[in-house]
Amino acid sequence: MPPDSAPSHFIQSIISEDLKQGKNQGRVHTRFPPEPNGYLHIGHAKSICLNFGIATEFDGLCNLRFDDTNPSKEDVEYVESIREDVRWLGFDWGNREYYASDYFDRLYHFALEIIRAGKAYVCDLNADQMREYRGTLIEPGRNSPFRERSIEENLNLFERMKAGEFTDGAHTLRAKIDMASPNLNMRDPVMYRILHATHHRTSDHWCIYPTYDFAHGQSDSIEGVTHSICTLEFEDHRPLYDWFLDQLSVHHPQQIEFARLNLSHTVLSKRKLLELVQQQRVTGWDDPRMPTLAGFRRRGYTPEAIRMFCERIGVAKRNSTVDIAMLEHCLRDDLNKRAPRVMAVLRPIKVVIDNYPEGQVEGLEAVNNPEDPSMGTRPVPFSRLLYIEQDDFREEPPKGFFRLSPGREVRLRYAYIIKCVDVVKDPQTGGITELRCTYDPETKSGSSQSKRKVKGTIHWVSAAHAIEAEVRLYDHLFSKEDPDDVPEGTDWLTNINPKSLERLNSCRVEPILANAKPGERYQFERLGYFCVDSVDFVKERPVFNRTVTLRDTWANVQRAAKKA
RNA sequence: UGGGCGGUCGCCAAGCGGUAAGGCCCCGGACUUUGGAUCCGGUAUCGAAGGUUCGAAUCCUUCCCGCCCAGCCA
């Protein structure tokens, strides 16, 4: 039953109303119908969540159906990835995994039925001619010279098309509707085309394949789908969807269209994603910068965050582009609750605590997750030689900087307050080689003396105990909000963010991370959320992917200062 | 100049004749051993113009703007 208190979008309203009127015997049945010609992306996630979500909400069912009517573009690699991604997102289609190709035989018989009713004909026009005959947006088309063939001749020709007597494109089967329709989809659309191609499931059994228009509605009907939810660009196809079903007098699902998702700073068209992969602008469909589910997964996103995102963006008919910040917010929200915290220094600068005994090591206690006490604590070793983040030291601190600088104090998280007493530089380059500091033994974390407050707290790592790691800093794949916003004469590829990946090779992380497993997610305190890369992982030297940064108020302040 | 669909805060999005929800972003402030989290507070008169009405984002009229359609792709 639909929650009548929860705010609902227009599709939920339609279904509620249908149920109220007793349509479909109170049944709700949807389907997610991907074409296996690419990997699933976040836009598909919206559709998956919508279709499976509605099924759950209204106590119905949702099928997974591969829309595999074009063997020249499809591949099993894609069907496998799609299965994996839908499952990863958290949805289950039970044993209802279907393929349009499962219905090729029935579809063929449907076509025969329409031919016998005198509502379809075999046309000999080639692609160019057909375009000419179709007319334009403002001029009606002309009837094909083959439109009035006899039913017998049509039957015979169609049979021979199926038998493989003709070459690709020599004939098509067309619906006989109305060449003057203002809706171009109704100007005798093609139902079947000849394609001598090997299909990933039916092999060479067929050499004629149904078009989307002829296959989709009938497949929905065969499966008993009640609400066939698709994107806006199919709105113009609805009259055709309805027309076929009416000719056949079969179960008639209702097609409902909603606006597809667009996300800022990325592209979501299959064609463009394919191009990024083929041109090797990224390392593959699962490159952590890709908006594919495989990419997000490798990047460290959680299915929960993506589902939350899909819920929050809503469902409507207006074209829109959601700010990627919305997605990142959902991610942080989820990771904040579940990711264990750990300290990692990405760009190390050496710190020597002058007054700390040489050779001494203390095991300090650090909280694993302040949001969840049940996650416990862990020991973190402290010693005389440490590393801190380069960003956490400024020789000439700007206004509002409350990290470390000469003569100033800062707290080392879970440890002591230290003071910078000297800056050692390389006499050649002038670059800082190490910081000499002193610590205040009275200020140990958790001790009764530790009431002294300092403005800043920074993370650190004990040099002798830290382990080395590679960290990959990912940023938006495109630097512009709208990748298509380009100067004349250039294309979207010029908007690829040259800094979308930065690899850091001399990072030092807490010893506890020696046990990190591929796919595990952590919060590197003050930096962001990171996950262990599952492809390039090696135990001796883990690779971490930055999933998303933490909200960085200080960065905002600096940005504002720069502008002023 | 054809047909279809849309236009509510910077970005999403509720609202369905009774006097503009919520989320994101942003800006303040509280708290804080993550400049994180959390908590308070702040920001729209609804594409435009007319009209109907006691009353309109919601109804009517006209206009403007955007998106989709001329694949034997989906």
Side-chain angles (χ1 to χ4, degrees), chain A residues 7-9 13 33-35 37 67 69-70 72-73 123 125-127 130-132 134-141 168-174 181-187 189-195 208-209 211-213 215-216 230-239 257 259 261 264 270-271 309 312-330 332-333 336-337 341 343 367 370-371 400-403 410-415 417 443 445-446 450 453-459 481 523-528 549-557 560:
Chain A
S8 61
H9 52 69
S13 307
E35 181 188 12
N37 68 344
D67 224 333
T69 58
N70 186 353
S72 65
K73 291 186 175 174
C123 183
L125 255 25
N126 65 34
M130 202 180 288
R131 192 178 315 117
E132 281 172 38
R134 186 155 35 229
T136 69
L137 293 179
I138 53 173
E139 301 158 26
D168 286 5
H171 300 278
T172 55
L173 179 71
R174 296 225 261 164
S181 172
N183 180 346
L184 305 214
N185 293 119
M186 300 299 271
R187 322 243 263 226
V190 171
M191 294 163 62
Y192 267 91
R193 74 284 212 182
I194 299 171
L195 225 50
I208 56 172
Y209 292 92
T211 56
Y212 164 85
D213 285 311
H216 203 89
C230 63
T231 43
L232 253 29
E233 67 270 28
F234 293 105
E235 218 153 14
D236 284 342
H237 292 244
R238 193 170 64 227
E257 310 84 11
L261 169 69
S264 71
K270 278 196 183 178
R271 196 208 96 219
F309 170 74
R312 290 201 185 173
I313 55 176
V315 177
K317 297 195 68 158
R318 154 190 356 175
N319 294 317
S320 62
T321 300
V322 178
D323 194 328
I324 198 163
M326 179 84 100
L327 213 209
E328 293 170 345
H329 170 265
C330 293
R332 292 190 185 104
D333 192 49
N336 177 46
K337 292 176 220 143
R341 267 115 249 228
M343 293 194 283
V367 171
E371 303 291 318
F401 182 85
F402 40 80
R403 276 110 101 147
V410 76
R411 158 148 244 129
L412 293 179
R413 171 134 246 227
Y414 295 125
I417 290 176
T443 58
S445 256
S450 71
K453 302 267 187 200
V454 281
K455 202 79 164 138
T457 298
I458 63 174
H459 59 276
E481 229 177 86
Q523 182 196 97
F524 287 180
E525 290 213 30
R526 305 209 304 132
L527 297 173
T549 61
L550 246 29
R551 235 182 110 231
D552 191 350
T553 312
W554 172 238
N556 283 1
V557 170

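Chain letters run A, B, ... following the sequence lines, proteins first and then strands; every chain starts at 1.
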Under 4.0 Å, heavy atoms only, any strand: does [X] hit a base, just the sugar-phosphate, or nothing?
X         : answer
Ser320(A) : sugar-phosphate
Ser181(A) : nothing
Ser264(A) : nothing
Phe401(A) : base
Tyr209(A) : nothing
Arg403(A) : base

Give a yes/no on whether any side-chain N or O of [X] is located under 4.0 angstrom from OP1 or OP2 of [N].
X         : N      : answer
Thr457(A) : U32(B) : no
Arg134(A) : C72(B) : yes
Arg193(A) : G71(B) : no
Thr553(A) : G36(B) : yes

With rounding to the closest Å, how many angstrom separate the [atom1] atoms on [N] and [M]?
N      : M      : atom1 : value
G4(B)  : U61(B) : P     : 15 Å
C16(B) : C60(B) : P     : 16 Å
A20(B) : U58(B) : P     : 14 Å
U52(B) : A44(B) : C1'   : 26 Å
C31(B) : G17(B) : P     : 48 Å

Salt bridge (Lys or Arg N to Asp or Glu O under 4.0 Å) filter on Arg332(A), not counting sequence neighbours, yields none
Arg413(A) meets the salt bridge (Lys or Arg N to Asp or Glu O under 4.0 Å) criterion, sequence neighbours left out, with Glu525(A)
Quick test: give all pairs of protein nitrogen or oxygen and nucleotides 22-25 of chain B nitrogen or oxygen below 3.5 Å, distance rounded to 0.1 Å.
| residue | atom | partner | partner atom | Å |
| --- | --- | --- | --- | --- |
| C24(B) | OP1 | His329(A) | NE2 | 3.2 |

Sorted by chain and number, sequence neighbours left out, ring pair (Phe, Tyr, Trp, His ring centres under 6.0 Å) with Tyr192(A) holds for Phe158(A), Phe214(A)
With sequence neighbours left out, the residues meeting ring pair (Phe, Tyr, Trp, His ring centres under 6.0 Å) with Phe524(A) are Phe530(A), Phe544(A)
Sorted by chain and residue number, the side chain to side chain donor-acceptor pair (under 3.5 Å) partners of Thr136(A) (sequence neighbours excluded) come out as none
With sequence neighbours left out, the residues meeting side chain to side chain donor-acceptor pair (under 3.5 Å) with Asn37(A) are Glu35(A), Lys270(A)
Discussion item. Check whether Thr69(A) reaches the backbone of Thr211(A) with its side chain - one donor and one acceptor, N or O, closer than 3.5 Å.
Written reply: no
### Message
Can you tell me whether the side chain of Glu371(A) and the base of G36(B) have a donor-acceptor pair closer than 3.5 Å?
### Response
yes
### Message
Taking donor-acceptor contacts at under 3.5 Å, does the side chain of Asp236(A) reach the base of G3(B)?
### Response
yes
Quick note, Val190(A) side chain, CB onward, closest among C68(B), C69(B), C72(B) is C72(B)
Quick note, Ile138(A) side chain, CB onward, closest among A37(B), G3(B), U1(B) is U1(B)
Checking N1-N3 plus N6-O4 or O6-N4 for Watson-Crick, or N1-O2 and O6-N3 for wobble, each under 3.5 Å, the partner of U61(B) is A49(B)
Judged by nearest nucleotide, the residue sitting upstream toward the 5' end of RNA chain B, Lys317(A) or His216(A), is Lys317(A)
Between Val322(A) and Ile458(A), the residue closer to the 5' end of RNA chain B by nearest nucleotide is Val322(A)
Using nucleotides 63-67 of chain B, report all nitrogen or oxygen pairs with the protein that are shorter than 3.5 Å.
| residue | atom | partner | partner atom | Å |
| --- | --- | --- | --- | --- |
| C67(B) | O2' | Asn319(A) | ND2 | 3.1 |

Taking the six-membered ring for Trp, are Phe402(A) and Trp554(A) parallel (under 30°), tilted (30 to 60°) or perpendicular (over 60°)?
tilted
Show me the donor-acceptor pairs within less than 3.5 Å that the side chains of residues 314-323 of chain A make with the rest of the protein, sequence neighbours left out.
| residue | atom | partner | partner atom | Å |
| --- | --- | --- | --- | --- |
| Lys317(A) | NZ | Glu235(A) | OE2 | 2.3 |
| Asp323(A) | OD1 | Ala325(A) | N | 2.9 |

task: Could you say whether the aromatic ring of Tyr212(A) and the base of A74(B) stack, counting only centre distances under 5.5 Å and plane angles under 30°?
output: no
Rounded to whole Å, the CZ-P distance (Arg238(A) to G3(B)) equals 17 Å
